[in-house]
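Computed from a prediction, not measured in an experiment: that's the story for all the values here.
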Amino acid sequence: LAFAIMLSIKNRKLPLIYFLVIITAGSLLALPFLLPIYVINLSSPRFTGLDLHTAITDSLSWGDLIHLIYRGGGEQFIYLGILPLVFFLTSFLVKQNRIAWFFRGLLFITLLIGIRELPLSLILHKLPLFSYFRAPSRFLFLGVFAASALAGLGFDYIAKYVDVLRGFLKRHKNKLAAAILLLTFLDLILVFRLFVPTIARETVEKKPAVAEFFEESPPGRIFSVFPDEFYTEYYFLATKQPPPKEGDVERRFSVWKETLYPNYHLLHGINSIELYETLANRYMSRYLALLGGRNIVPNVDSSEKLHKADMDPTEKLEIFWQRNPLADFLGIRYFISGFTFDKEKYKKYNLNFPRLTRIVVPAMQANNYAPAVNVYENPEAQPIVYPTRITGLVSNGDESFDRFKANEFEGIFVECKDCDAGLAAGGDVNIYITPEFLKPRNGRMEFSVDSPNSQFVVFSQTYYPGWKA
């Protein structure tokens, strides 16, 4: 928009008009897609805005500017390459050109936003709409676009003086050709495995043993228990040193794939309960965070984020077992864990976790250390549909979460503002439900219920706007 306004100053506002027409037409075409996303976003963690700590995650440091010429990992989107960098630097010889000054300003502003030591990202977070965004370094998408435009202007500047420099170029053509070839070679080699570790296609496509196990097991929700902590411990035992900041790509991928780290289960169609998803339901994200889930949960007490707790993994497991009624409520039938569940410890909480399999992963063995992935069953996990008595009525989801947590994850609290309090009265549960869905298909599920009177049935799915029973 700013670029269109700048061009319109001397062009009778035509660029701005064209820009507005394009934006309007594109918005109308995207409306059928954007409206459902907006409705779902009303239930997501981001709808209430991100806290400052979450919002500035993955911002840049001054040292990250080296990635202008050296392709880095993570969220640093500022790689230009060597030859484009030469043309980019040449663009600063271009003087009286308002387009060049516009893109210089755009690059400068995005750098100010993306660098964590500077206050602009903190100020931006206070503005409307910007509180929904995280990772200030992603504004460098615009910065790289500006740098690319400037590189084009730099190349154009050199091209204008080809005739003037023809004699010089002719005398030194061999040296210049060699220099260009060398720069091109360096540009290519910097994105290869030596500098940017990659993972072989065969490694990605190979199905882990734990996925094969679940394909042959009865269906049920799966939860990976502290996979980050397991990777850290595994790396230390395998290499006798802590994992590097950027991470060992091959080892980390192997560990996360074998433990079905959130989103990795999608590679093999496994039904894990946890998913890194921007539009995930905020209450489900909070529940999973209490068990060690890793989805974004802004504006809540740090004690609710078990995976962020500064304690030994064995201590986290103790808290995890104490909160097992929550896993029962969420219907988590299987736990995947690189850590062995200590029977003597979890029995203190009247729990029973039969170990279904222990898979030693040859690809992860190192220094005589052979890690294993364990799969435990949670026999008390609730099915997808089951009858129940109502513990209490609440007016909103936050109250339901707070009361459920205060009740140590026991009971069922129903959000209903206008319901009669008598609905929560006790009574025998006398109901029959078909053990399997009659007509499961995308967006609709049917099952049979047989009851002599009105009773409550729990359909254990995350609520999103539009769900109807």
Side-chain angles (χ1 to χ4, degrees), residues 207-234 237 254-275 284 287-295 306-307 309 311-365 369-384 386 408-410 460:
K207 185 174 295 186
V210 70
E212 294 177 346
F213 170 80
F214 283 119
E215 287 180 345
E216 300 173 358
S217 302
R221 290 174 179 154
I222 301 165
F223 184 73
S224 186
V225 180
F226 308 132
D228 281 325
E229 289 80 349
F230 175 57
Y231 164 69
T232 300
E233 182 167 302
Y234 155 74
L237 292 174
S254 298
V255 172
W256 285 359
K257 188 176 180 182
E258 293 294 342
T259 54
L260 293 186
Y261 194 86
N263 287 20
Y264 280 58
H265 63 280
L266 298 175
L267 291 170
H268 310 289
I270 303 300
N271 182 29
S272 175
I273 193 172
E274 189 178 9
L275 183 72
M284 177 58 75
Y287 285 135
L288 290 175
L290 289 166
L291 294 173
R294 283 153 169 73
N295 220 331
L306 183 55
H307 83 282
M311 59 179 67
D312 187 86
T314 55
E315 296 177 277
K316 290 185 180 182
L317 279 174
E318 289 267 356
I319 297 175
F320 174 80
W321 293 327
Q322 292 173 29
R323 296 174 177 175
N324 195 68
L326 174 57
D328 299 341
F329 169 74
L330 295 176
I332 301 175
R333 183 171 181 177
Y334 301 105
F335 298 126
I336 304 173
S337 176
F339 300 105
T340 302
F341 284 11
D342 189 326
K343 184 180 294 187
E344 296 303 319
K345 289 185 178 180
Y346 68 66
K347 275 192 171 181
K348 293 189 301 184
Y349 307 104
N350 297 317
L351 300 175
N352 179 35
F353 298 122
R355 183 163 65 182
L356 303 181
T357 185
R358 182 178 184 271
I359 302 170
V360 177
V361 186
M364 293 164 55
Q365 296 186 29
Y369 170 58
V373 176
N374 305 286
V375 178
Y376 296 95
E377 185 178 17
N378 180 22
E380 302 300 320
Q382 294 285 10
I384 292 180
Y386 59 93
E408 297 183 344
F409 313 111
E410 299 284 356
S460 182

*asked:* Suppose we screen for side-chain hydrogen bond (donor to acceptor under 3.5 Å, both in side chains). Which residues come up paired with Thr314, at least two apart in sequence or across chains?
replied: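 Scan of Thr314 (side-chain hydrogen bond (donor to acceptor under 3.5 Å, both in side chains), adjacent residues dropped) gives Asp312.
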*Mind checking what makes side-chain hydrogen bond (donor to acceptor under 3.5 Å, both in side chains) contact with Ser460, not counting sequence neighbours?*
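So Ser460 forms a side-chain hydrogen bond (donor to acceptor under 3.5 Å, both in side chains) with Arg221.
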Which distance, rounded to the nearest 0.5 Å, do you find between the [atom1] of [X] and the [atom2] of [Y]?
X      : Y      : atom1 : atom2 : value
Tyr261 : Ile336 : OH    : CD1   : 13.5 Å
Asn271 : Leu260 : CG    : CG    : 11.0 Å
Arg294 : Ser224 : CZ    : OG    : 7.5 Å
Ile273 : Met284 : CD1   : CE    : 5.0 Å
Leu317 : Phe226 : CG    : CZ    : 5.5 Å
Asp342 : Glu318 : CG    : CD    : 8.5 Å

*Which of parallel (below 30°), tilted (30 to 60°) and perpendicular (above 60°) describes Trp321 and Tyr346?*
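Perpendicular, since the angle between the ring planes exceeds 60°.
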*Anything under 30° is parallel, anything over 60° is perpendicular, the rest tilted; go ahead and classify Tyr334 against Phe213.*
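Tyr334 vs Phe213 ring planes: perpendicular.
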*Side chain proximity check, Val375 to Phe214, heavy atoms < 4.5 angstrom*: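 Yes, their side chains come closer than 4.5 Å.
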_4.5 Å side-chain heavy-atom contact, Asn374 and Phe339_ =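 Counting from C-beta outward, Asn374 and Phe339 never come under 4.5 Å.
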[X] versus [Y], closest heavy-atom pair with distance:
X      : Y      : value
Glu258 : Pro208 : OE1-CB, 3.4 Å
Arg355 : Thr340 : NH1-CG2, 4.1 Å
Pro379 : Asn352 : CD-O, 3.1 Å

*Lys207: what forms a side-chain contact (heavy atoms from CB on, under 4.5 Å) with it, not counting sequence neighbours?*
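Listed in chain order: Ala211, Glu212, Glu215, His268.
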*May I ask you to say whether Glu315 pairs ionically with Lys345, meaning some side-chain N is under 4.0 Å from a carboxylate O?*
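Judged by the 4.0 Å cut-off on N to carboxylate O distance, Glu315 and Lys345 do not form a salt bridge.
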*Donor-acceptor pair, side chain of Lys316 and main chain of His307, under 3.5 angstrom*: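 Present.
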*Under the salt bridge (charged side-chain N to carboxylate O under 4.0 Å, His left out) rule, collect the residues that match up with Glu377, sequence neighbours excluded.*
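Partners of Glu377 by the salt bridge (charged side-chain N to carboxylate O under 4.0 Å, His left out) criterion, ordered by chain and then number, come out as Arg333.
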Please set out all donor-acceptor pairs under 3.5 angstrom arising from side-chain atoms of residues 323-332, sequence neighbours excluded.
from   : atom 1 : to     : atom 2 : distance (Å)
Arg323 : NH1    : Leu290 : O      : 2.6
Asn324 : ND2    : Asp328 : OD1    : 3.3
Asp328 : OD1    : Asn378 : ND2    : 2.8

*Considering residues at least two apart in sequence or located in another chain, which fulfil the ring pair (Phe, Tyr, Trp, His ring centres under 6.0 Å) criterion with Phe335?*
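Expected list: Phe320, Phe353.
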